Structures are given as C-alpha cells and as structure tokens.
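Since the model is a prediction, treat every value here as computed from it, not as a measurement. All ligand and atom numbering here is 1-based and tracks the order in the structure. Positions are given from 1 along the sequence.
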Amino acid sequence: MPNVHIKIINKSANPLPAYATSGSSGMDLRADLPEPFTLGSLERAFVPTGLFIELPEGYEAQVRPRSGLAIKQGLTCLNTPGTIDADYRGEIKIILINLSKEPQVINPGDRVAQMVIQQVEQVTLVEVAEIGTTERGAGGFGHTGHQ
Ligand SMILES: O=c1ccn([C@H]2C[C@H](O)[C@@H](COP(=O)(O)OP(=O)(O)OP(=O)(O)O)O2)c(=O)[nH]1
Ligand SMILES: [Mg+2]
C-alpha cells in the first residue's frame with residue numbers, strides 16, 4: 001500500500017479519511033464546515049473538505065457520490081467522478097447537488113462523498129489514417145439490445 005501525503009486544515013475537527021472496511025474502494029470525505037448549511041432543491045455548491053493531498057505521479061483521486069445519500073436525500077456529486085489530478089495542490093472540494101424536491105441540510109463532519117485513489121496512465125496519441133476494425137464496429141448506445 002503506497003503512502004500518500006495529506007494535509008488537513010481542521011475547521012470541524014474531522015478525522016483523516018479512512019477506509020471503512022478492509023475491502024472498501026474509497027475513503028469517505030467529510031464536510032469541513034463551520035456550521036450547517038442548507039442546499040435547496042436543484043442547488044449546487046462547493047463543499048470544502050479541508051484536505052490537501054500530494055498524490056504520487058501516476059495516481060489520481062476520484063471524488064464519487066455515496067449511494068446512501070443519493071437514494072435517501074437525492075444528494076450526489078454533480079461532476080461525478082470528480083478528478084483530482086496528481087499535480088493538484090489546492091483543497092479537495094466536493095461539488096454537491098441536491099436533486100431532491102426538498103432542501104437538504106449538510107452538517108459539519110457529514111460524510112458527503114468518497115475518494116478513490118488509483119493508478120492512471122498517460123499515453124502518447126499517434127495519429128493514423130485508419131483505426132483497426134472490431135466486431136462491434138461503430139455500434140453503441142444500446143445497439144446490442146436490452147436483454
Ligand atoms: O470534484 C472535484 C474536481 C476537481 N477538483 C480539483 C482537483 C483537480 O485537479 C482540479 C481540476 O479539476 P478538473 O480538471 O475536473 O476541472 P477543470 O474544469 O478541467 O479545471 P482545470 O482547467 O483547472 O483543470 O480541481 C476538486 O477539488 N474536486
Ligand atoms: Mg482539467
């Protein structure tokens with residue numbers, strides 16, 4: 001398991017993110033807020049985490065929604081999966097949107113998203129006149145049917 005440097009600016013006394021179980025893909029991210037705030041129906045907002053991360057080259061972090069919040073409160077990440085680049089040194093922020101019909105309250109320390117850290121490769125694009133053929137070809141967007 002590689003080490004990753006993380007700095008936490010702790011407005012809400014939040015603990016460092018951690019994997020909830022030994023098999024968890026993501027670590028939950030807590031809202032670093034001075035007080036509760038309300039996200040109205042269809043409103044979006046930055047939710048600060050107070051976290052600054054130094055990812056090794058060749059890694060990325062993804063900010064993803066939590067399914068429980070999505071089904072119970074209609075809260076999700078607008079740009080899911082959010083991309084944290086390896087060279088980003090600013091605060092990790094969550095772009096939360098309330099897709100429910102009711103206002104939703106976010107409390108300091110609430111676990112509003114999760115962060116998955118994984119390896120990612122950069123490639124060199126080589127321009128060619130023709131690309132290779134496949135069985136699928138240009139078929140997509142449901143062309144294999146529903147069942
Ligand atoms: O949910 C997110 C998504 C992004 N970021 C930060 C880290 C990321 O490295 C940077 C840029 O994100 P992205 O590439 O998605 O945004 P952009 O609109 O392309 O901005 P830029 O031109 O700065 O790359 O913003 C977050 O804190 N949370
Ligand atoms: Mg970008």
Side-chain angles (χ1 to χ4, degrees), residues 1-132 134 136 138-143:
M1 231 191 242
N3 289 336
V4 172
H5 292 168
I6 190 161
K7 185 172 96 177
I8 183 161
I9 292 181
N10 219 331
K11 290 194 282 285
S12 333
N14 287 336
L16 275 182
Y19 296 107
T21 65
S22 60
S24 292
S25 297
M27 310 179 200
D28 289 339
L29 295 175
R30 294 176 185 272
D32 186 33
L33 297 168
E35 57 195 27
F37 90 94
T38 301
L39 203 52
S41 177
L42 296 183
E43 277 182 3
R44 62 186 185 270
F46 269 136
V47 177
T49 63
L51 300 173
F52 299 73
I53 200 169
E54 186 183 339
L55 287 170
E57 224 174 274
Y59 283 78
E60 67 161 338
Q62 294 186 2
V63 178
R64 301 187 190 171
R66 295 186 68 209
S67 60
L69 288 183
I71 189 66
K72 290 178 200 150
Q73 295 177 263
L75 290 171
T76 189
C77 299
L78 179 56
N79 59 327
T80 186
T83 303
I84 309 298
D85 299 287
D87 57 359
Y88 179 68
R89 295 294 178 268
E91 181 177 6
I92 296 175
K93 291 183 182 169
I94 299 157
I95 304 173
L96 212 59
I97 185 164
N98 174 8
L99 295 180
S100 76
K101 290 184 176 153
E102 303 82 34
Q104 300 293 338
V105 177
I106 318 295
N107 290 299
D110 277 359
R111 291 177 290 146
V112 290
Q114 59 187 315
M115 176 172 72
V116 175
I117 297 179
Q118 56 189 18
Q119 287 182 293
V120 64
E121 282 194 72
Q122 289 190 334
V123 300
T124 304
L125 293 178
V126 179
E127 192 175 352
V128 293
E130 300 293 338
I131 55 171
T134 65
R136 171 181 287 274
F141 317 103
H143 96 294

To which protein heavy atom is [atom] closest, and what is the distance rounded to 0.1 Å?
atom: atom 25 (O) of ligand 1; result: Tyr88 CE1, 4.0 Å
atom: atom 11 (C) of ligand 1; result: Asp85 OD2, 3.8 Å
atom: atom 27 (O) of ligand 1; result: Lys93 N, 3.0 Å
atom: atom 5 (N) of ligand 1; result: Ile84 CD1, 3.7 Å
atom: atom 8 (C) of ligand 1; result: Thr83 O, 3.1 Å

What atoms of ligand 1 come closer than 4.0 angstrom to any heavy atom of [X]?
X: Gly82; answer: 1 (O)
X: Ile92; answer: 27 (O)
X: Glu91; answer: 27 (O)

Q. Quick one: does Pro81's side chain get under 4.5 Å of Arg64's, heavy atoms only?
A. yes
Q: Would you indicate whether the side-chain heavy atoms of Pro108 and Pro36 approach each other to under 4.5 Å?
A: yes
(Q) Test side-chain contact (heavy atoms from CB on, under 4.5 Å) on Thr76 and Ile97; report intermediate values, then the result. (A) CA-CA 6 Å; Thr76 189; Ile97 185 164; 3.6 Å; yes
Q: With side-chain hydrogen bond (donor to acceptor under 3.5 Å, both in side chains) as the test, would you mind laying out the steps for Glu60 and Gln62 before giving the verdict?
A: CA-CA 7 Å; Glu60 67 161 338; Gln62 294 186 2; 3.2 Å; yes
Q) In Å, rounded to the nearest 0.5 Å, how long is the span from CD of Gln118 to OG of Ser25? A) 8.5 Å
Q | Atom pair CG (Leu75) and CD (Gln104), whose distance is rounded to the nearest 0.5 Å | A | 5.0 Å
Protein heavy atom under 4.0 angstrom of [atom], is there one?
atom: atom 1 (O) of ligand 1; result: yes
atom: atom 23 (O) of ligand 1; result: no
atom: atom 13 (P) of ligand 1; result: no
atom: atom 19 (O) of ligand 1; result: no

Q. CD1 of Ile71: more than 12 outside heavy atoms within 6.0 angstrom?
A. no
Q) If you count the non-hydrogen atoms of other residues, nucleotides and ligands that lie under 6.0 Å from CD in Gln122, is the total more than 12? A) no
Q.
Given Ile53, which partner from the list Arg89, Met115, Glu91, His5 fulfils the side-chain contact (heavy atoms from CB on, under 4.5 Å) test?
A. Met115
Q | Option nearest atom 3 (C) of ligand 1 (shortest heavy-atom distance, choices Asn79, Leu51, Val63) | A | Asn79
